[in-house]
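Structure first, commentary second.
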Number of protein chains: 2
Amino acid sequence: MKMDARKQQVLMAIIMDYISTAEPVGSRTIARKFDLGVSPATIRNEMSDLEELGYIEQPHTSAGRVPSQKGYRYYVDFLMKKKDLSRKEEEIIRKGYVNKVKDVGQVVAQTNSLLSQITNYASMIITPRTDMSALKHMQLVLMNPGQAMVIVVLSTGAIKHNMIEVPEGVNQTDLDTISGVFNARLQGLTIDKIKMGLIKEIYFELSKHKNILDLAVHLLEEGLSMEKEDKIYLGGVFNILNQPEFHNIEKVKTLLSLLDQENLLRNLLERDYKEGGVTVRIGSELNREEVKDCSVVVATYHLDGQPIGKIGVLGPTRMDYAWVVSVVEHMTLNLSDTLEKMFKGWR
Amino acid sequence: MKMDARKQQVLMAIIMDYISTAEPVGSRTIARKFDLGVSPATIRNEMSDLEELGYIEQPHTSAGRVPSQKGYRYYVDFLMKKKDLSRKEEEIIRKGYVNKVKDVGQVVAQTNSLLSQITNYASMIITPRTDMSALKHMQLVLMNPGQAMVIVVLSTGAIKHNMIEVPEGVNQTDLDTISGVFNARLQGLTIDKIKMGLIKEIYFELSKHKNILDLAVHLLEEGLSMEKEDKIYLGGVFNILNQPEFHNIEKVKTLLSLLDQENLLRNLLERDYKEGGVTVRIGSELNREEVKDCSVVVATYHLDGQPIGKIGVLGPTRMDYAWVVSVVEHMTLNLSDTLEKMFKGWR
DNA sequence: GTTAGCACTCTCTTTTGTCGAGTGCTAATT
DNA sequence: AATTAGCACTCGACAAAAGAGAGTGCTAAC
């Protein structure tokens with residue numbers, strides 16, 4: 001037995017209906033709502049086949065059918081058609097960016113908020129990788145005898161800072177000297193380049209300032225390997241409480257405690273997605289018991305053709321994939337675009 | 001009819017029991033669990049009186065009694081005894097701060113996380129007010145022709161930054177000149193002082209650099225009135241899902257959507273609390289329908305005797321006030337202390 | 001290959017009945 | 001006058017029973 005055109009139609013109908021009602025779908029319903037030109041009985045036969053093929057399943061005898069994970073997968077891969085955004089949504093997005101484009105952090109945060117607002121699911125976004133961005137400025141500020149702050153400004157507009165120990169004797173003038181050398185040497189270079197090879201050159205240059213040499217190297221190391229490289233924004237979590245599958249408190253709890261752990265979240269966003277395009281991960285494909293009833297739609301955003309971050313939506317497996325995929329795609333392009341504009345000539 | 005010693009005992013018993021069981025408590029239960037030396041019948045009479053006085057209420061006939069808001073208030077004001085923290089908790093707190101005391105932001109975030117972890121309620125903390133902290137360093141970095149970043153380092157270790165427009169012709173050297181003047185003039189002064197009167201002096205000094213004069217003033221204004229002055233950290237939200245009163249999804253939803261709105265949260269923390277000591281706000285005292293079944297325990301933390309932020313716990317009205325008040329008090333002192341140490345000599 | 005008809009299954013909702021916790025009142029006791 | 005025992009009564013919680021409805025699978029007819 002194989003998938004044929006009518007089975008596809010029926011599967012499509014089941015998924016469409018289930019997505020909007022969250023109730024198991026029966027043969028009668030399909031015959032009524034979707035005009036397939038056949039009677040419920042025929043549809044029953046097709047459904048029986050689809051079940052055998054594993055695309056749908058029955059919660060219990062005498063209930064309608066529900067799409068299985070395999071069914072959703074088939075739908076996402078072969079059946080679904082992208083939907084265009086409505087005027088209204090385009091409007092929301094455009095308005096959302098006005099007055100808010102001051103730096104990368106803000107753009108990213110705003111994108112995240114818009115994404116959850118529009119989709120009504122939870123949204124996640126991971127901030128741009130810094131290792132591809134260039135060093136714009138670095139500054140050492142003595143905060144306290146023995147303590148200084150390293151401040152690094154990146155071409156993305158991101159600012160990293162870190163408190164470090166310095167020998168008691170060092171004063172602000174020393175630090176200015178070091179800052180000066182660093183800036184002269186490293187400005188405009190990307191972080192990964194700096195990390196890779198330039199430490200030696202600096203070493204040479206600073207040999208004039210023997211007394212602070214070791215310190216300088218130390219600074220470089222500590223300053224560049226700042227805490228977390230990237231940050232994950234999470235938004236609209238309470239949107240998912242509106243989904244009927246989360247009327248059960250226990251599920252909410254397990255999900256929330258997952259989302260509370262940033263590394264797990266990162267994993268959800270970053271695991272083995274192909275670069276480019278929108279990727280959909282359904283239920284157990286996420287490899288996490290806590291989200292076996294959830295799906296994630298992820299896309300990568302770019303700058304200068306380089307992938308620099310991910311943007312994603314988390315919702316129940318019964319999510320409106322066609323719609324969400326379109327939104328995510330749209331937002332990704334929008335974001336890449338906005339970033340591109342921000343950086344015209346910055347690099 | 002007036003409150004007397006035995007009524008107090010009975011009220012106390014009801015509250016204690018209700019706090020731990022979340023079930024309406026009956027006269028028998030009290031007679032059994034608490035040794036008041038009288039029979040259930042007597043207790044019933046007392047309870048009847050307490051109800052008339054408004055300290056307790058009955059969910060329905062034939063159920064036990066539950067403390068009313070007034071009852072909790074009486075308990076908090078007159079009855080409760082502070083509990084000391086156990087060894088174990090002191091331990092958690094002490095360990096929590098090791099390796100984490102790099103700057104104010106981190107300390108605050110960590111305090112917040114510890115607070116929710118220990119109390120098992122949601123915790124909130126508002127970052128130190130910046131207007132009392134001193135300017136440590138300011139730097140202008142040209143990011144792009146026509147765009148620069150103002151970076152301000154405060155004595156608290158907080159860093160504020162803001163992207164601003166500058167005239168196309170301005171180059172980094174100009175910006176360095178301005179930065180230099182600003183630093184020479186303003187370093188060590190508190191933000192509110194700077195805001196208040198010093199703008200004129202700067203104006204004078206910079207008159208040598210006519211061409212960038214207007215810009216400089218502009219910078220000062222924009223740079224100092226950075227986005228939000230303070231940030232609110234919110235932690236352990238999903239702790240409250242463990243409370244039986246939140247087994248109802250609707251309540252969770254309304255609460256979460258409240259917590260999602262930062263200004264409301266700020267309101268919860270900041271409204272008219274007396275400075276010093278720990279304040280408890282119960283149920284409708286919070287003036288918000290969404291949290292009429294919740295209470296907030298708030299304390300102010302200080303630096304140099306100056307109040308600079310708030311720290312609070314949000315839980316159901318049926319929370320263990322004695323315990324939470326002690327923890328909050330302890331954490332507040334701890335935080336003030338840690339900050340004090342960090343700033344020894346910084347100011 | 002498709003459809004109508006029908007018996008059967010299973011969940012969901014409503015109804016009914018029972019149990020028990022808890023109260024309030026009264027009368028007896030201290 | 002305060003306390004207590006006794007008892008009738010109330011009301012929610014829970015379980016069992018009954019009924020309704022949706023949906024299926026099978027068979028036989030088209």
Side-chain angles (χ1 to χ4, degrees), chain A residues 1-11 13-15 17-18 20-68 71 244-245 247-248, chain B residues 1-11 13-15 17-18 20-68 71 244-245 247-248:
Chain A
M1 179 175 35
K2 270 197 60 189
M3 201 62 156
D4 59 30
R6 196 169 62 192
K7 285 193 186 30
Q8 287 190 345
Q9 282 188 308
V10 173
L11 178 56
I14 293 174
I15 291 182
D17 195 68
Y18 187 64
S20 64
T21 65
E23 296 292 334
V25 188
S27 51
R28 266 176 74 87
T29 314
I30 295 181
R32 205 168 359 95
K33 290 198 194 171
F34 301 81
D35 189 19
L36 302 191
V38 291
S39 78
T42 309
I43 294 175
R44 275 206 287 285
N45 291 329
E46 297 289 20
M47 284 168 87
S48 183
D49 292 352
L50 282 170
E51 180 158 21
E52 199 171 324
L53 289 167
Y55 293 111
I56 56 180
E57 46 202 28
Q58 240 177 334
H60 55 265
T61 352
S62 94
R65 305 302 215 290
V66 160
S68 69
E245 28 273 275
H247 269 12
N248 173 347
Chain B
M1 180 173 35
K2 269 198 61 189
M3 201 61 156
D4 59 31
R6 195 170 61 192
K7 285 194 185 35
Q8 286 190 346
Q9 282 188 307
V10 173
L11 178 56
I14 292 174
I15 291 182
D17 195 67
Y18 187 64
S20 64
T21 64
E23 296 291 333
V25 354
S27 51
R28 265 177 74 89
T29 314
I30 294 181
R32 205 168 358 95
K33 290 197 193 171
F34 301 82
D35 189 18
L36 303 190
V38 291
S39 78
T42 309
I43 294 176
R44 274 206 287 286
N45 291 328
E46 297 288 19
M47 284 168 86
S48 182
D49 291 354
L50 282 171
E51 180 159 20
E52 198 172 324
L53 289 167
Y55 294 110
I56 57 179
E57 45 203 30
Q58 240 177 332
H60 55 263
T61 350
S62 94
R65 304 303 214 291
V66 159
S68 69
E245 29 271 275
H247 269 12
N248 173 347

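The shown structure was predicted, so the numbers you read here are calculated from the model rather than taken from an experiment. Residue numbers start from 1 in every chain, and the chains themselves are labelled A, B, ... in the order their sequence lines are given, proteins ahead of strands. Only this structure's heavy atoms are used, side chains among them; waters, hydrogens and symmetry mates stay out.
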*asked:* What range of DNA chain D does chain B touch, first nucleotide to last, counting atoms under 4.0 Å from its heavy atoms?
replied: D/dT3 to D/dG12
*How about B/Tyr55 and B/Met3: do any of their side-chain heavy atoms sit closer than 4.5 Å?*
yes
*Taking DNA chain C as the partner, which of residues 39-47 of chain A come within under 4.0 angstrom of it by heavy atom?*
A/Ser39, A/Ala41, A/Thr42, A/Arg44, A/Asn45
*Can you find a heavy atom in the side chain of B/Val25 that is under 4.5 Å from one in the side chain of B/Lys33?*
no
*Is A/Asp49 close to A/Glu46 at the side-chain level, that is, under 4.5 Å between some pair of heavy atoms?*
yes
*In whole angstrom, give the distance that lies between atom NE2 of A/His60 and atom P of C/dC10.*
9 Å
*Report yes if some heavy atom in the side chain of B/Thr42 is under 4.5 Å from a heavy atom in the side chain of B/Ser39; otherwise report no.*
yes
_Output the rounded distance in Å from NE2 (A/His247) to P (C/dC12)._
15 Å
*Do A/Arg65 and A/Leu50 come within less than 4.5 Å of each other through their side chains, counting heavy atoms only?*
no
*asked:* Side chains of A/Thr29 and A/Glu23, heavy atoms from C-beta outward: is any pair under 4.5 Å?
replied: no
_Rounded to the nearest 0.5 Å, what separates atom OG in B/Ser48 from atom CD1 in B/Ile43?_
13.5 Å
*Heavy-atom distance under 4.5 Å between the side chains of A/Leu36 and A/Val10, does that happen here?*
yes
_Rounded distance in Å - CD (A/Gln58) to C1' (C/dC8)_ = 13 Å
